[in-house]
Amino acid sequence: MSASGGTKAIVAALSANLAIAVAKFVAFLFSGSSSMLAESVHSLADSGNQGLLLLGGKRAKRQATPEHPFGYGRERYIYAFLVSIVLFSVGGMFAIYEGYEKIKHPHEVEHWYWPVGVLVFAIVAEAFSFRTAIRESNPLRGKQSWSQFVRRAKAPELPVVLLEDLGALVGLILALGGVGLALATGNGVWDGIGTLCIGVLLIVIAIVLAAETKSLLLGESAGLDEVRKIEAALVDGDTVTRVIHMRTLHLGPEELLVAAKLAVQHDDTAAEVAAAINAAEARIREAVPIARAIYLEPDIYDEAAASKGTNPAMTPSPDASPR
């Protein structure tokens, strides 16, 4: 669901941004508005970003190799991180430079109807793209707030598109305000101030995206709901009596690695333990289908040894006490 929904949102955003970039650049040529130039570069950068997300999604589908035995799922995180770099450099820094130049050397906005008309068109197109991203995100978001969804989502595409579209809408309003004030006062400095504000906005969004995708690149565990399901699936109350400790790691948005040490009865035979381990793996895959790589180690539970072991809270758990 997250992959298909993310692709639909990316394509909608890409289509809107390509059309908007052309319209903004034409408006800049006729009006000389620095806000329009900054916004045209912003839309062009966004279009390139969406192309990067689509490329990352395609490359992540490659089959595992001996050199990369867990596959290429994390390529989606790498390309999402590249998006933040492009947004910071091409979008934010260029807008700040252009705004500074316009404040230093202001001139009146010519043919005002071009930038105003294009900005209104762009706001409508970006609103459509933003609406698509919201609709595709809602089934995955559930009861989470939007900030929680952006922070906790394991698939990077939808949060990236959401933040880009939000930034684009706010940037368009800033550009419209800058152009409007420049027209009302006859002072082109306002156009430059609007451009500076756009640059600051893009840099802030780029930093947020970089922080979130960096966390995904480093490796995040499964969410609490998935951890609870896995723990419940592991223990059968007969051969497997408890989870001594467990670690989970996202190999990609839809690929999860599970490693756990399980307590088994001391008098069970090897065949009984092997059958219990196989049954536990099957229950995990049924409860959490994205669990692709599962490594389970049977052991005899010892309270004293468990209390000295690694902290189970390293993987989110309903409680952090040793198991």
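Under the 3.5 Å distance criterion, the side-chain polar atoms of Tyr77 are left unmatched by any main-chain donor or acceptor of Leu218. Side chain of Arg247 to backbone of Ala260: no donor-acceptor contact under 3.5 angstrom is found. Not one N or O on the side chain of Ser129 forms a donor-acceptor pair closer than 3.5 Å with the backbone of Ala125.
Through chains of ILVMFWY side-chain contacts below 4.5 Å, Phe121 is grouped with Ile20.
Residues Val116 and Val118 are not in side-chain contact: their nearest non-hydrogen atoms beyond the backbone lie 4.5 Å or more apart. Side-chain contact between Trp146 and Leu162: present, with at least one pair of heavy atoms (C-beta onward) separated by less than 4.5 Å. Counting heavy atoms from C-beta on, the side chains of Leu196 and Lys102 never come closer than 4.5 Å. Considering only heavy atoms from C-beta on, Leu181 stays 4.5 Å or farther from Asp191 through its side chain. With contacts defined as side-chain heavy-atom distances shorter than 4.5 Å, the pair Arg242/Leu262 does not qualify. Phe70 places none of its side-chain heavy atoms less than 4.5 Å from the side chain of Glu255. A 4.5 Å side-chain heavy-atom check between Val83 and Tyr79 finds every atom pair outside the cut-off.
No more than 12 heavy atoms of other residues, nucleotides or ligands sit less than 6.0 Å from atom CD of Glu286. Heavy-atom neighbours of Phe149 CZ from other residues, nucleotides or ligands within 6.0 Å: above the threshold of 12.
From Ile193, atom CD1 reaches atom CD1 of Ile103 across 5.0 Å, with rounding to the nearest 0.5 Å. In this structure, CG on Leu54 lies 6.5 Å from CG on Leu14, to the nearest 0.5 angstrom. Separating the CG atom in Leu87 from the CG atom in Leu163 is a distance of 9.5 Å, to the nearest 0.5 Å. Between atom CD1 of residue Ile10 and atom CG of residue Leu52 there is a gap of 10.5 Å, rounded to the nearest 0.5 Å. Atom CD in Glu231 sits 9.5 Å away from atom OG1 in Thr248 (nearest 0.5 Å). Interatomic distance, NE2 of His245 versus CG of Asp299, reported as 8.0 Å (0.5 Å rounding).
Applying the salt bridge (charged side-chain N to carboxylate O under 4.0 Å, His left out) rule to Arg152 yields no partners; only residues at least two apart in sequence or on another chain are considered. In this view, Lys229 satisfies the salt bridge (charged side-chain N to carboxylate O under 4.0 Å, His left out) rule with no residue, not counting sequence neighbours. Under the rule for a salt bridge (charged side-chain N to carboxylate O under 4.0 Å, His left out), Asp236 has no partner lying at least two apart in sequence or in another chain. Applying the side-chain contact (heavy atoms from CB on, under 4.5 Å) criterion to Phe94, with sequence neighbours excluded, gives Leu37, Val41, Glu98.
For the pair Glu212 and Arg151, the salt-bridge criterion is not met [side-chain N within less than 4.0 Å of a carboxylate O]. Of the charged side-chain nitrogens involved, none lies within less than 4.0 Å of a carboxylate oxygen, so that Glu226 and Lys154 do not count as a salt-bridged pair.
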Donor-acceptor list for residues 201-211 side chains, cut-off 3.5 Å, not counting sequence neighbours:
none

* Asked: After noting the C-alpha distance and the side-chain angles of Glu164 and Gln50, does the key distance pass the side-chain hydrogen bond (donor to acceptor under 3.5 Å, both in side chains) rule?
  -> CA-CA 10 Å; Glu164 278 191 347; Gln50 280 119 36; 2.7 Å; yes
